[in-house]
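Lettering follows sequence order; numbering is per chain, from 1.
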Amino acid sequence: MTESLVFTMRLIKKRPLRSLLTILQIALGVWIVATILTMNFQAHGRIDRVLNRFGENLMQIYLQKETQVGDYFLGEIGYFYAEDLARLQQESENVEAIFTLDNIWQVRLKAHGLEYQLRGLTETSADAISALDLNIVEGYGFTRQDEEQKNPVALISTEISKQLFPDESAVGKTIDIESDFRDDYVTFEVIGVYEPLDPLLQLFFQETTMIIPKGSRNRSAEFSDDNMPIYGNVFVKSLPGKSAEAIIDAQIILNHDDFTLSAEYFSDMARALSSAVNYMTMVLGAFAFVAIIISSLGILSIMLVNVVERTREVGLRKALGASKLSIVIQVLHESLIFSFLGAVIGIVGAVISSRYIIDGLLTDFFFESMSNLGQFHPLSALISAALALALGALFGLYPAVQAARMPVVEALRDA
Amino acid sequence: MGLIGQLRWSLRHCRKRLFESVLIIFAVGLGIAVIVSIIALIGSARAQLRAPESSEWMRTFRVYSAAHFHSSSGREPVLQVVQERPTEPLQVPLNELKVLQDALPEGMHVFVEQTYSFPTRLLPKTQDESEAPLGQYESLVPSSGGAYVRFSQGAVAPTGTAVTIEVNHEEELEADGGEQPVVEKVESFTRFDQLYEQYDSIYITGTTPEYFDFKQYEIARGNLFFDDDLINGSEVLVLSYKLAERLFGDTDPIGQRIPVELFSNIEQQMEFTVIGVLAPFTEEQEEHVFFGENQYYAYAPYTAIPHVRSLYSDQEILLDSFIIGVDYGVDLAWASEIINAEIEQRYGDLAVVSSSYISVSELNTSNSIYIIIAIFASLGLVIAVINILNLMLARVLRRTKSVGLSMALGSSKRGVFSQFLLEAVVLGLLGAVTGICFTYGLLKLLSKLLYTDISLDLISAASGFGLGLLVSLLFGVYPAYQASLINPVDALRND
């Protein structure tokens with residue numbers, strides 16, 4: 001066995017350029033397969049993580065109606081009243097939490113004397129923090145009491161903490177945040193630092209987000225009875241397995257005027273994304289398929305050439321009593337070694353390049369929800385290597401049989 | 001040996017190792033097929049999109065007030081230290097647009113464009129839209145204009161709204177007693193928010209005369225409005241062809257008066273006088289008007305729009321944004337530079353220029369996806385090419401003896417070189433032919449999968465052929481060179 005391997009290695013070394021080119025062919029095929037598989041696995045991994053974390057329970061609800069204006073139907077989005085939402089939370093047995101998010105995409109803030117522009121500020125309720133299962137790495141989240149009293153307390157992401165307060169703990173520091181009244185800043189105390197949620201959940205608590213209690217930024221704004229606060233972005237987390245019932249409860253309590261309530265499940269969104277990823281894998285997989293077919297044809301033809309070139313040598317070995325099987329094995333060894341070396345090089349290439357290729361592909365197609373997925377996936381290495389070896393064996397078989405079948409006399413005569 | 005002879009010789013050699021040659025041809029064919037299909041796909045996608053410069057969006061540069069302008073492209077850092085942004089809003093007097101217009105080179109038009117919708121009594125909705133029964137009425141309170149009605153279902157209704165109704169039985173509408181009649185038709189609403197349900201709106205764009213130069217709208221009848229109309233705030237209207245047709249049919253629209261409803265809840269009207277009608281929009285122009293083909297457009301001097309007037313009453317009108325349109329054919333990169341420089345010089349950091357052209361050219365710098373797909377698509381051909389190189393080298397090696405012999409018999413080095421090169425070219429060209437056949441099939445399949453018609457055009461077929469030739473030349477040269485280096489003495493001595 002070892003002897004046969006050593007012998008094969010010597011044959012491979014005898015034609016260095018040819019062997020190198022053959023290995024390169026296989027490496028390229030393996031590279032593209034490993035890259036595309038990694039992309040698929042990483043994207044699905046992120047989607048599955050989100051599905052596992054929230055299952056079917058998280059949904060966004062909204063009110064809408066359609067009216068006909070002229071020849072067109074205009075969709076109109078309705079708002080939720082704060083008291084209705086509170087009533088739903090109290091009365092429904094199927095709703096675990098209901099929360100609102102007010103996102104402000106550009107806000108100014110001042111910290112240690114410098115003025116910054118922040119990309120995301122979210123005003124929300126204490127329930128959102130527990131419902132979304134936010135991981136607070138330092139300090140603590142705000143409470144319902146903070147929310148009721150509109151206390152100026154803030155939660156910041158680890159990323160913001162790193163940028164604003166490098167080398168020191170952010171908890172206890174103060175940040176001035178611009179209110180809706182021009183040139184009016186409110187001083188907030190940082191009470192906690194959280195780990196940003198998965199980028200797939202783009203609506204919630206990303207690395208760019210700072211979280212404060214509802215209304216704490218504009219505390220002086222008073223709401224009279226006929227000017228109640230209204231909300232557009234409302235999210236419901238139902239108890240496990242009760243999502244349909246929760247929607248029905250919500251419809252009963254929250255429908256008003258001509259608006260009807262509908263819900264969008266996060267699991268549905270994740271699944272839609274997942275099928276988009278599958279589609280992309282299919283399209284790119286076609287390239288990979290063609291590439292690997294061509295490189296297999298490459299092994300096949302080069303092994304045939306090898307066998308023909310060694311006609312005499314094979315004849316000699318047979319004449320000296322080598323069995324057909326040992327000749328088949330020897331040729332197969334050669335093609336398997338090519339495949340193996342090619343696979344190793346291809347995988348190393350994929351590990352190095354996946355950072356750029358996969359991140360580029362996914363972010364260009366799916367924007368930030370699929371960013372930072374450039375890590376190589378070990379399973380794809382395993383699969384692509386196995387594929388290369390299997391193809392090596394398969395396409396090495398014909399030349400091997402060809403060699404074994406060679407009649408001894410003719411082989412020796414032929415030069 | 002002539003070219004034909006050489007060709008025949010090459011073909012004989014290819015036939016001699018038939019299986020091997022077929023494999024090469026197949027591999028090259030597959031590689032070329034993938035690339036040519038991608039070229040054809042991109043070509044068909046391009047044909048569907050109009051060239052970007054020709055589209056009106058790309059040629060429109062908007063000037064905003066920097067104080068109100070938030071730039072937000074996806075990939076900014078989380079936190080950005082703010083450079084002082086002006087708190088003062090941009091305020092450009094309306095007549096300063098003329099000055100700016102003169103300062104800019106030809107082919108650029110400075111104008112304002114704001115569209116407002118006004119219901120007009122000239123456009124009552126057709127019957128079948130309001131004929132649907134509203135349901136049973138629940139209560140009825142007589143009033144001067146008709147009655148207050150509350151309906152049991154449907155658009156629960158204009159509670160507290162004066163309506164005139166028709167009922168299906170000729171019963172008296174009394175609060176109690178008798179069967180409750182079904183309300184079949186609502187004759188008229190008098191409150192403003194119901195005006196929308198009763199009348200169609202016309203969409204009036206408040207603008208300046210330069211607007212028509214940019215849009216290149218043709219005038220069919222009457223006149224456009226001019227600078228005088230803008231200064232005086234004349235209540236004149238230029239109608240789109242469709243609107244004129246709908247409003248006046250065959251009668252001459254010029255000089256007609258169009259009443260429109262203003263401000264919600266207050267019954268207030270004003271009248272515009274028609275001074276012109278535009279020629280029918282071309283298909284391309286229709287894509288760019290606000291709502292699509294069935295809407296009714298009209299254009300008035302910006303100063304005639306009541307909303308604008310009420311904001312500034314007697315003072316000078318100040319704009320916080322306006323538009324600079326660039327004619328088709330003007331180099332957009334150059335135009336963008338000129339406009340930015342001019343705005344910067346006039347308004348400093350108070351104003352921000354934005355346009356699809358600017359954002360698209362910013363986007364284009366991060367188009368990694370095309371590079372990646374190009375790499376993926378060409379990978380098959382690269383592998384096939386390596387394969388050709390490999391096999392041609394093997395052929396040279398195998399035929400060392402015969403080459404040595406033919407050289408000893410008087411073949412020149414050049415002859416040997418061209419012989420081997422020709423062999424590679426023959427393989428490459430046969431591969432190209434196979435590739436084009438594959439492409440044809442692949443595109444048929446893709447057309448079915450993507451529900452679009454992608455056909456193999458001459459250019460992509462030719463490019464496939466060229467690719468095959470190029471590739472085989474490129475990778476035939478080295479082995480052929482190797483062959484021409486063979487020393488006949490060594491070759492013949494060598495076993």
Heavy-atom contact with chain A under 4.5 Å, split by part of [X]:
| X | value |
| --- | --- |
| B/I24 | neither |
| B/I38 | side chain |
| B/L393 | side chain |

Measure across [X] and [Y] and return the closest heavy-atom pair with its distance rounded to 0.1 Å.
| X | Y | answer |
| --- | --- | --- |
| B/I386 | A/L21 | CG2-O, 3.4 Å |
| A/R18 | B/A394 | NH2-CB, 3.3 Å |
| B/L379 | A/L28 | CD2-O, 3.6 Å |

Residue [X] versus chain B: region with a heavy atom under 4.5 Å:
| X | result |
| --- | --- |
| A/L284 | side chain |
| A/Q25 | both |
| A/L304 | side chain |

Is the number of heavy atoms from other residues, nucleotides or ligands under 6.0 Å of B/Y481 OH greater than 12? no

Output side-chain donor-acceptor pairs under 3.5 Å for residues 286-299 of chain A, partner residues at least two apart or in another chain, one line each.
from   : atom 1 : to     : atom 2 : distance (Å)
A/S295 : OG     : A/I292 : O      : 3.2
A/S296 : OG     : A/I292 : O      : 2.8

Any side-chain heavy atom of B/F376 sitting closer than 4.5 Å to one from A/T35? yes

Can you list every pair that meets side-chain hydrogen bond (donor to acceptor under 3.5 Å, both in side chains) and has a residue in residues 371-398 of chain B, with sequence neighbours left out? A/T22-B/N390, A/S301-B/N387, B/E20-B/R395, B/S21-B/R395, B/R395-B/E423

Which residue out of B/A27, B/G31, B/A384 racks up the most heavy-atom pairs below 4.5 Å with chain A? B/A27

When only pairs under 4.5 Å are counted, which of B/V34, B/L391, B/I388, B/L30 shares the most heavy-atom pairs with chain A? B/L391

For each of A/V305, A/L24, A/I36, tally heavy-atom pairs with chain B at distances under 4.5 Å, and name the one with the top tally. A/V305

